[in-house]
4 protein chains.
Amino acid sequence: MTKAVLLLECSDRKGLVAAIMNFLVSEYDANILHAGQHQDAELARFFMRIEFECASELIHERVFAERFRKIADEYNMRWQLAESDVKLRVCLFVSQHLHCLADLLQRYQAGELECEIALIIGNHPDGEKLAGFYGVPFVHLPIDRDNKAQVEQGQQRLLAEHRVDLVVLARYMQILSPEFVAKWPARIINVHHSFLPAFIGAKPYHAAFNRGVKLIGATSHYVTSDLDEGPIIEQDVVRVTQGDTIPDLVRKGRDLERIVLSRAVRWHLEHRILYYGNKTVIFD
Amino acid sequence: MTKAVLLLECSDRKGLVAAIMNFLVSEYDANILHAGQHQDAELARFFMRIEFECASELIHERVFAERFRKIADEYNMRWQLAESDVKLRVCLFVSQHLHCLADLLQRYQAGELECEIALIIGNHPDGEKLAGFYGVPFVHLPIDRDNKAQVEQGQQRLLAEHRVDLVVLARYMQILSPEFVAKWPARIINVHHSFLPAFIGAKPYHAAFNRGVKLIGATSHYVTSDLDEGPIIEQDVVRVTQGDTIPDLVRKGRDLERIVLSRAVRWHLEHRILYYGNKTVIFD
Amino acid sequence: MTKAVLLLECSDRKGLVAAIMNFLVSEYDANILHAGQHQDAELARFFMRIEFECASELIHERVFAERFRKIADEYNMRWQLAESDVKLRVCLFVSQHLHCLADLLQRYQAGELECEIALIIGNHPDGEKLAGFYGVPFVHLPIDRDNKAQVEQGQQRLLAEHRVDLVVLARYMQILSPEFVAKWPARIINVHHSFLPAFIGAKPYHAAFNRGVKLIGATSHYVTSDLDEGPIIEQDVVRVTQGDTIPDLVRKGRDLERIVLSRAVRWHLEHRILYYGNKTVIFD
Amino acid sequence: MTKAVLLLECSDRKGLVAAIMNFLVSEYDANILHAGQHQDAELARFFMRIEFECASELIHERVFAERFRKIADEYNMRWQLAESDVKLRVCLFVSQHLHCLADLLQRYQAGELECEIALIIGNHPDGEKLAGFYGVPFVHLPIDRDNKAQVEQGQQRLLAEHRVDLVVLARYMQILSPEFVAKWPARIINVHHSFLPAFIGAKPYHAAFNRGVKLIGATSHYVTSDLDEGPIIEQDVVRVTQGDTIPDLVRKGRDLERIVLSRAVRWHLEHRILYYGNKTVIFD
């Protein structure tokens, strides 16, 4: 027996859930472990996540695709199947702030993140020792004014070589080109150190300080070609007071960044996120 | 077409969801509006809430019971069906602190609570004017050392006369007898002014102050014969500091009490709560 | 003996606190009940709030001003003295959404807000009954396309007649003219139904829904001539999910609006807020 | 010029603040950087924290004690002076769960914790590599049924040798003897994985799961001879649902443990905590 997760999206129609459930029971003799669904009434779209258990040989994507085709075609579904035992391969991009990197690596070692961290790429060498301690390869690709396109080619080559499924920008302080982003739809997760859409862009803690807000936030999101405009995955906030200086905001914010980024990564790895338009559906 | 909510609980078995969905589609030609499920792995129990739409004449409980019997028997289900358009009838019990009463009545008037508040019973007369303003009958049943059993009989009579479905203790400062409680299983909601199970019993804000906690809480729960031990529906907390006196805790706590009680009432009215053992399942 | 609150602001200089404390002890034989201070290091500004007790005859503003002048001049202070027993007079402005009005009136009756609610002005008649229930005069001044300036004159006249100290916009859906606002510096409190500076302007819950945020917020602030740009007094947030529709956001947001507005009003009434540049200092 | 923090406690009396401020200004020519105070009205006790700057030679504890004696005696004060530049020396006690250790070491390296982590003592060897990575000595002192007293002697010796000021139990799964605790009053900080006083003792996440709470918490506190009864320093909570298993609670709880423990340690290191009776005063 093997566990798998089916994620799907289609127009909302009568009989849909019954059809899917019947398929899983009659064709797959599946044991449903958990099922969650969401309807967007305005767009009349239906979203579902089903965690199930079935005979191992039936779980291969090609086998499933063939058998599921009839229903998928009938309802015009967008779907994906993931075997729970197959760990996604992750690459972390970092710069000089290492708190998110240290946090993700510690969670990884503690077994919180079901993945293989295949590689860490830094535009600064600062993360190298930490990578080494946790036994993850580190590649230093320094970026200057002139070599950005070339570095991105190197990054793409490394991602391909290491068969990476997900890129996590763990406080990576560079903006990826639209060309790079286009190759990784819903497969790059970033953390922005503000409560988006407030304080888009550079130095959000300075902006928050200057505006005199009483809470600061952090946001994890999929990266799209519009900076800080991608679909939000998770957000959290913490209270600040007049006594907090900008360094205090930075320090308090680091706790938020760690939490919202690690949640987003975990949910992605557990196939809990569906992405449509500029929004995410997060399944429990 | 009419909307209805089916809540059910049974042992977890393969094919369960498909069987239920097939029933609703083939026998009822139902349109599933929302479905949520929960499995308790340890107890191997399955819980489900389905919001659906079907022809009005099929929704009556007797009709449904007859048709659903085969599945219900096969899986040994505990189930209940509620027509969304049929509003539950609610009775509020109050004493002298009126903040929860005022809050519930204002939400009721604003259309947040889909129910009929049929009656307010107070052991003090303080709530009468507010009841009058919102057009709800108020009955004053004063309690002294000797008349408690008699007053409870009067309360039961009034609940029967007004065909009440749900009793809400909106800071009612009396303890109901086990006999009273036994007649209203999972149909009495109370708010306790602490983060249960901390500070069970009288004067929880004083106890919290003396223990020097940094957060205070409030808890809404179904009432069982064990005081403050019933299944928890909702909890929330707020930060306190050394500067907060007991009156400050009382004031801050009132905001929590309003929120956790009103959420519990709303969820009950929308048939979002299943109750098993000493726990609740809350469906989104 | 009478209690009073001294709020002051000046350049930060050595000896400042000692000078103020010496004055209060030697000239006023005062008993310091609570003192809080804040320094803005960047601007080198100092802010202080002192709650003290002294002989009643010394507390009159003119007496205090005369005695305090030497220090105030020496340190070039901006200061204000408020006798704790003198309640501020408040006017609430409302439209059709009554949840903030109901909440403030209930808190007022429960003794949470140390003030005199002198008057409620509505551009719609909806709040009149609630005002009547709590015994507060209500004036209906309907606004149309053409009479806004005239209505504002009427409002100003009423505020003068009722000797109003503070105007609270309790979900008042009109924009006050810069001329009106200029007459009430740091004396108009508004609640905006978003986590400012996100979603400035109209229909913030719709904007939040469309952006797919995972938390929604509300903000209370002093009104300045820049819409939604005034100094923030308090903010709070609540979690939302994909399952929440716009009406759900509106409902969840109402709880936030009540809380952040009522806190702001209470802090103002207790002279806990100092306002400088576009920020507030909130003293515990 | 040197920075220092004066923490003091005494009976609340008129003229107290002025006397202290005058002393600092006239005797020390001090520049007050920040001052916070708290009064416990019930006990008539006064608490104060003053951060100030003065000539370096005046800051030595013996010099200060001599000069301050007159005031200290007059008001019968309990006080302590700490030079900001002198870092406290910290020893971390750990067992097998390393998330708090990893978190504290990362914060230490990032400059968030102004201290010298002199030593890590583990009753299991698991923390050794992490200690080595951050360059902190690690001593493995295994504990069995019979050697506890002996191990505690070894620990005490190590603490003395390394001139340790503060012991932090970073998920140390052993109970210290009353004799050990008595030697370190208000100098041992522990993290308990529940919202105290709920779920005192072993396996609090299991207890929380079984009680069906809707929020779980964590608490950092000074250790006294009463298990889990010491003065609370910080608490925080996170929402859980029926979908969360015990391992989910453990995982969610780890984030809380990291946060409440690291805040407590930082506040202690910055001399922001005063401890009286069974409560703490936390100065901003």
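Residue numbering restarts at 1 for every chain, and letters A, B, ... go by the order of the sequence lines.
Between Trp79(D) and the options Phe46(D), Phe23(D), Phe68(D), a ring pair (Phe, Tyr, Trp, His ring centres under 6.0 Å) holds for only Phe68(D). Applying side-chain contact (heavy atoms from CB on, under 4.5 Å) to Arg171(D) and the options Gln96(D), Glu257(D), His192(D), Arg258(D) leaves one that passes, Glu257(D).
Per-residue heavy-atom pair counts under 4.5 Å with chain B were compared for Val237(D), Val281(D), Asp40(D), Thr245(D), and the maximum is reached by Val281(D). Comparing Leu215(B), Val213(B), Asn210(B) by heavy-atom pairs within less than 4.5 Å of chain D, the highest count is held by Leu215(B). Heavy-atom pairs under 4.5 Å with chain D were tallied for Glu229(B), Glu42(B), Arg211(B), Arg239(B); the largest tally goes to Arg211(B). Ranked by heavy-atom pairs shorter than 4.5 Å toward chain B, the options Ile282(D), Ile233(D), Leu196(D) are led by Ile282(D). Contact count against chain D (heavy-atom pairs under 4.5 Å) is highest for Asp236(B) among Thr241(B), Thr219(B), Asp236(B). For chain B, the option among Ala207(D), Ala41(D), Gly277(D), Gly230(D) with the highest count of heavy-atom pairs below 4.5 Å is Gly230(D).
For Ile200(D), no part lies near chain B; criterion is any non-hydrogen pair under 4.5 Å. For a residue to count as touching a neighbouring chain, one of its non-hydrogen atoms must lie under 4.5 Å from one of that chain's; by this rule Ser194(D) does not touch chain B. Heavy atoms closer than 4.5 Å to chain D are found in both the backbone and the side chain of Thr280(B). Of the two parts of Gln39(D), neither the backbone nor the side chain holds a non-hydrogen atom closer than 4.5 Å to a non-hydrogen atom of chain B.
Note: Glu234(D) CD to Ile259(D) CD1 = 9.5 Å, rounded to the nearest 0.5 Å. In this structure, Glu51(D) CD and Leu33(D) CG are separated by 6.0 Å, a value rounded to the nearest 0.5 Å.
A cation-pi arrangement, defined by a distance under 6.0 Å to the six-membered ring centre and an angle within 45 degrees of its axis, is present between Lys279(D) and Phe209(B).
Ring geometry for Tyr222(D) against His268(D) counts as perpendicular: the plane angle is over 60°, on a 0 to 90° scale with 30° as the lower cut.
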(message) Quick one, Glu112(D) with Arg266(D), criterion salt bridge (Lys or Arg N to Asp or Glu O under 4.0 Å). Give me CA distance, side-chain angles, the key distance, then yes/no.
(response) CA-CA 8 Å; Glu112(D) 256 184 56; Arg266(D) 193 167 53 78; 5.1 Å; no

